[in-house]
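Values in this document were obtained by computation on a predicted structure and should not be read as measured data. Both counts, for ligands and for their atoms, begin at 1 and track the order of listing.
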Amino acid sequence: MNMILERIKTELEQIKNNHNLRKLKSYPENLINLSSNDYLNLANDLDLRTEFYETYKNLSLSSSSSRLITGTFPLVLELENKLKEIYKKEALILNSGFEANCCIIETFCNKSTLIISDKLNHASIHDGIINSGAELIRYKHLDLEHLESILIKYTNQFDEILVISETVYSMDGDMVDLKKLVDLKKKYNFILMLDEAHSYAVYGYGLAYEFDLINYIDFLVIPLGKGGGSMGSYVLCDSIYKDYIINRGRKFIYTTALPPINIAWNLFLLDKIGQFSESREHLYELTKYAMDSINELNLKTISTTHIISIIIGNNQKIEILCQNLIAKGFLVYGVKEPTVPKGTARIRIGLNPSITKEQLNLFFKELKNELDALL
Ligand SMILES: Cc1ncc(COP(=O)(O)O)c(C=O)c1O
């Protein structure tokens, strides 16, 4: 008997019974997309795309090899050099945020390392930790006092302590107090890794850069698939760390590098990322507007950024709510248990400057109608 088949059949049944079965779907293009991670609308901006294709012609769509064989095209070096000019740190491009997080953690940490990680850090961070075999302690989400209590207890017991945080969190839409985190680093002298997946572009070159804290971040990871409007990730670190990844990082060494067309797009956007101030202004305004609407409707959120999670309750409610809102023209994404704690299944909205206040008004009106109907 095929036991794998038996086991996964039962598991899929269970997932379905919990209203948690994931399915791949595509949606009509005319929906108002409130689920996108394209926070500055860079990926979707046709004028930008046209300008790009006019600037870069006939670039290859595959690099056909790893960076260490023939995958390091002049454009890649140009991009890494430009990053170095901006951040004043060595830069290395990896194929995705997932790979960058995993690669850094599993390459530098081992069983003599203590990793202290925010409880809500991304799956890629968690996978890297598992692969590394390091000791793991998770601190309460964004609770830097809890982090400090762990540091007090363990600083003298481990020679190597790595603390990992994200800047903006994708499920709760809240933000780390980066200055306070850096103060802790100054006090306890741990190695600090920061993931800017949800803050890059929204806050220019990222929060660490904007707060002038780059020097205190040992590993700065900038995944580009969200506000960065692209694909791949930048890792900013000291040159010795970069050399070590090039020599020991399995997820860097043993994979086909990003294609030149993608590298060129990253370069093109990096040149412009300091611009887009109007888009940013509009995004900040939309965020405030959405928060006011949420308050007026007495809805619950703990978000403070352009990612807004509206807590609804259980998986079944979320399923019905999202289906109905999609039918009314709004593409919204439900986050269910166990991805989020029991009783906090939610609608997650990712705002971007292509959305108008009028569209938000319509959305909140329909959301209210649907919630009333669910009671
Ligand atoms: C915080 C965070 N880090 C890393 C990743 C992975 O980045 P990528 O999509 O580039 O693999 C994601 C989500 O995709 C994320 O939310």
Open item on the list: Under the rule for ring pair (Phe, Tyr, Trp, His ring centres under 6.0 Å), what residues qualify as partners of Y241, not counting sequence neighbours?
Closed with: F108, F219
Open item on the list: Show me the pairs that pass side chain to side chain donor-acceptor pair (under 3.5 Å) and involve residues 41-65, at least two apart or across chains.
Closed with: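 Those involving residues 41-65 are E51-K272, S62-S64, S65-T70.
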Task: side chain to side chain donor-acceptor pair (under 3.5 Å) contacts in which one or both residues fall within residues 13-24, not counting sequence neighbours - done: H19-E319
Kindly print each ligand 1 N/O atom paired with any protein N/O atom under 3.5 angstrom away, one pair per line, or none if nothing qualifies.
from, atom 1, to, atom 2, distance (Å)
ligand 1, 3 (N), D195, OD2, 2.6
ligand 1, 10 (O), G97, N, 2.7
ligand 1, 11 (O), G97, N, 3.3
ligand 1, 11 (O), F98, N, 2.9
ligand 1, 14 (O), K226, NZ, 2.7
ligand 1, 16 (O), H198, NE2, 2.7

Task: Atom CD1 of I4: over 12 foreign heavy atoms under 6.0 Å - done: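 No - once you tally the heavy atoms of other residues, nucleotides and ligands closer than 6.0 Å, there are 12 at most.
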Open item on the list: If you count heavy atoms of other groups shown closer than 6.0 angstrom to NZ of K84, is the number above 12?
Closed with: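 12 or below, so no.
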- [ ] For the pair D271 and K82, find out whether any cationic side-chain nitrogen is under 4.0 Å from an anionic carboxylate oxygen.
- [x]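 K82 and D271: salt-bridged.
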